[in-house]
Structure formats: structure tokens, C-alpha cells
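Lettering of chains follows the sequences in order, A, B, ..., and the numbering in each one begins at 1. These numbers come from a predicted model, not from an experiment.
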Protein chains: 2
Amino acid sequence: MAEGEEKKTKRGAGRPRRLDPETIVATARRIIEEEGVAALSMRRVAKEVGSTPMALYHYVRDKDELLLLTLAGVSAQFPRPELPADPRARLITAAVHMHQVLAQVPWVLKVLELGGLTDKQALWIAEEIIDSAMACGLSAGQAVATYRTIWYFVYGDLVFRASAARRAAEPDRKQHWPAMLTEEDAAELPRLTALAPRWEELQRYDIAEQLAAIVDGLLSRAGGAGRAAEREPGAQEPHM
Amino acid sequence: MAEGEEKKTKRGAGRPRRLDPETIVATARRIIEEEGVAALSMRRVAKEVGSTPMALYHYVRDKDELLLLTLAGVSAQFPRPELPADPRARLITAAVHMHQVLAQVPWVLKVLELGGLTDKQALWIAEEIIDSAMACGLSAGQAVATYRTIWYFVYGDLVFRASAARRAAEPDRKQHWPAMLTEEDAAELPRLTALAPRWEELQRYDIAEQLAAIVDGLLSRAGGAGRAAEREPGAQEPHM
DNA sequence: ACCTGAACACCGTTCAAGT
DNA sequence: ACCTGAACACCGTTCAAGT
């Protein structure tokens, strides 16, 4: 057997391991996609790959690391949209795309909460948003802050979208709002009291509209129109 | 014994129950405050109130309901700030206050994700934000949407603040960004590549500043200056 | 190096039984 | 009505041992 000779190559044809990281991660991802993050457990993955729970710990340090690894490649499943040339429109289009993609893979939210962005193939969205913001006259610092603000907003929207959907699926659980308002609150909370009867119709919420509005506010911070990087003290121009 | 006579009063002096909902909820809240939401379990609460896990299920339908009940009264611990008269400043002040209070009770975030706002004493913040937005000329629907947008943003910021803090406490876990950028990405991701070396300094992020910017954008949607409710078709004026 | 098995210290919740 | 005890079907992770 040639196994001994091939041992020095870290990942050669010889010495097939019973387990390999790709299978572990792919299995974890499948479980999450089919049954949600809550269904993922080390024991479950071990069972499905035909091994024992502790064998997995040779490939990942703990469950959180496995969770983070399931992120890789997810965004590549979605086609990259054509973006408009106008930087403001481009920024909004990229942000709406980010929202729309994540709405289709809601489990990703739970994983993103654990750590940073680990899917390299999603970085183009940050690139486009930051680049658009700078093209609109923001400094690099402002552009990065703008990206964060947009991300926080998109994330928050998606979390409560999922939360509302969960609650709607369990209608016997008591809804607290606006039912909890009583007559006595009218003096303290006049607006809410007045709006309560037509609360349903007031729930219309268009993410693209909100995004356009907040982007307007964020871009209005620009010191001058267009071309910003020059104004930034110590800014290095990106090569392009 | 007078117990029989007092039985019809639902909550009289007689028939002291071994368990009562207040103690259960207070114990749950104490555990969460001291050790985080992850430390809360039905078994743990039962042990601390000197009972068995299943006894709790006579007072709450499940763990989620108990979690939701821990929210009540939390916001009352924080002094209500003086708000400026100018509606735009009032909106921003209320939003910053919401952010600042929640930053001090981070466990609340996890519970809010489960359902709606259940702490009645926090409703004044929504009241002030919606009222300010309408005073700035937004329709009721726009004002409610503005509240939601601000809430999503605040929530998102707090989640990733907590997340970054957790990651910072575990420095041996690999940080993915911007270390994962390679030379080859320079062509695809020129801005990120250019910004990567000074990523640290670009992380300055002022929540009040961002809030002010997005509020500007949201309020710029107003159809006219000032006094809005009249323009709203079918709007009922709050009594005030 | 890679993997197993047993064990530790837990979970939420159902069910049947007690008072 | 209120509570207990046993049981079911799970968890993540440590540790010592095997090959």
C-alpha cells in the first residue's frame, strides 16, 4: 500500500478519512435548511454522517463554529442582479437585494448573529454599498457607517418579519398590542389610542420605500456633490 | 376554617397557594439578569422557588410565555427623560433613549424577538416617536412606518453590539473580516481592499448621528411643513 | 491522527397519579 | 385546582481509551 508515502501530502488521494469537513458542513446545512437552526445538534449531524458526536470535534471546535461554516456558499445560490449606474439607485438596489436574498434563507439570520460575515461571495454587496456611498460624496468612514446602518435596518426588519410569521402560526397565544391599551391610557397615550382602531391598515410597510428614505438621509451627509475620496484626510484612493 | 367562604374571591387573603405567578416571574427575571437568557430553564426556576418543573405549567403555558412575562416593568426602572419641544429633536431624543435603555438590559433583546412589546410602561416611547413624526407632517401610516424603521435599526445595532462584545471576549476564535480578503479580490472588491488596512479607524460609529441622518430622510417624506393630521384622509384626530 | 463509549450535567414537556 | 414523580426524548462537551 502506498499510504505511507502519501501521508506527507495534507490532502491527497490516499488515506481516505471516514469523515471529512465538507460532508459534515453540508449535512449541517441540509438539516438547518430543512428544519431550522433549532433542529441542528452535534448528535444529529453525527447520526446522519454515520459517526459519533465526538468525532465531529476533530473538525470543528464547537457547535458555533459548525454553524458559522454552514454560511459559506449560501449567497452564491442567488443570481447577482444588474445594478443601475446611478450611485444612489445602485446603493438602494444592492440593499434591497440583500434584504430579498436573506428573506429567502431566514435561517442565515440566526447564524449571522453569532459572528461576522463569513460568506466571501456576499462581500460584493458591501463593496457596492460602500462604493456607491462614496460616489455620492460620503467619506470612507461615512460610507462604512452607512453600510452598517443599512445592514442593521435590514437585519431588524427580517428578524421581526420572521417573528411575526411565527406568532401568526400560533394564533392562540395572546397578542399584546394594541389590545393592551385601556380607556385610562387615552390621556397618557393619545396618539396610540387614536390609531388603535385602524392599526391593521397602518401596518402597510414597504421595505424599499423605507430604505430609499433612510438612504436619502444618510447621503445628505455628503460634504460636496459627487467624488468624495479627495476630501477625506489621509484617504487612499482605491485603484479604479 | 374560613377557607371555604373565601374560595369564591379569586385572589383573597385565604388559601395561600404555595406558588404564585409573581414569584415565578420575579425569579425568572432575576436568573436572566444575573446569568443571561441562556441560563433560564423551567427546571432552574422550579428549583429556586422550591417546587417541581411541572408545577410551573399551571401558571405559564410554556417557557416562551414565562420569558415574555419577564419583560413587564423593566422599562419602569429607567427614568423618563425630559423631551425637547421641537418634534424632530423630540423624535431623535426618544429614539436615542430607547437605544440607551436597551443597551443597559441586553437580555431584553432576546425576549423581544419572541413577540411583541409587552411592557406597557415602554409604550410612551412609541407614542412620542409617532406623535413627533406626525407633528413633522407625516401621515399616520408614515409615522407608524417611521417608528418601525427606527426600531429595526436600533434593534439591529444592539444585536451586533452584543455580538461583537461576545466575539471580543473570545479572541482565539478566528475573525473573518477583513482578514479573508486576498490579493485576488482586489479586482472584484476594490473599495473593500483599499479600505481594509484602515478598517479599525473606520469603525467609529455614532448611533445618535446615524439616527439623526435616517430621521432626516424619513421626515423628508412629509407632504407639507408641520401639522399633518388634517391631510390624512379619514384620520381621526387624537384628543389633545 | 482519528475515532469510540461512557459519563456528566443538563434540557422542555407529557402523562398518570396524588391531595 | 394545584402539585408531584417518573419517564421520554433529547442536549453540548469532557475524559479516558482504543487503533
I want to verify a distance call: between D:dG12, D:dT4, C:dT4, whose nearest atom is closest to the A:Ser51 side chain? C:dT4
Does B:Ser41 place a side-chain N or O at less than 4.0 Å from the phosphate oxygens OP1/OP2 of C:dC11? yes
Within 6.0 Å of CD in B:Glu183, more than 12 heavy atoms from elsewhere: no
If I take atom NE2 in residue A:His58 and atom P in nucleotide C:dC2, what distance separates them, rounded to the nearest angstrom? 7 Å
Rounded C1' spacing from C:dA9 to D:dC10 in Å: 14 Å
Distance (rounded to the nearest 0.5 Å) between B:Glu201 CD and B:Gln203 CD: 10.0 Å
Answer yes or no: are there more than 12 heavy-atom neighbours, outside B:Gln104 itself, under 6.0 Å from its atom CD? yes
Classify the ring geometry of A:Tyr155 against B:Phe160: parallel below 30°, tilted from 30° to 60°, perpendicular beyond 60°. perpendicular
Considering just the side-chain nitrogens and oxygens of A:Arg18, establish if one lies under 4.0 Å of OP1 or OP2 belonging to C:dT4. yes
Taking only the side-chain heavy atoms of A:Arg44 (C-beta and beyond), determine which of C:dG12, D:dC11, D:dT4 contains the nearest atom. D:dC11
Sort and list the pairs that fulfil side chain to side chain donor-acceptor pair (under 3.5 Å) and have at least one residue in residues 38-47 of chain B, not counting sequence neighbours. B:Glu35-B:Arg44, B:Arg44-B:Glu48
Would a line drawn from the ring center of A:Trp151 to the ring center of A:His99 be shorter than 6.0 Å? no
Near-strand residues of residues 60-72 of chain A, defined as heavy-atom separation under 4.0 angstrom from DNA chain D: A:Asp62, A:Lys63
Walk me through whether B:Arg161 and A:Glu113 qualify under salt bridge (Lys or Arg N to Asp or Glu O under 4.0 Å). CA-CA 10 Å; B:Arg161 224 168 247 259; A:Glu113 199 198 318; over 6 Å; no
Answer with yes or no after comparing the ring centroid distance for B:Tyr205 and A:Tyr152 against a 6.0 Å cut-off, counting only values under it. yes
Whole Å only: how far is the OH atom of B:Tyr59 from the P atom of C:dG12? 19 Å
DNA chain D stem ranges, 3 or more consecutive Watson-Crick or G-U pairs under 3.5 angstrom: C:4-8 with D:12-16, C:12-16 with D:4-8
With respect to the side chain of A:Arg43, which nucleotide from D:dC3, D:dT13, C:dT4 is positioned closest? D:dT13
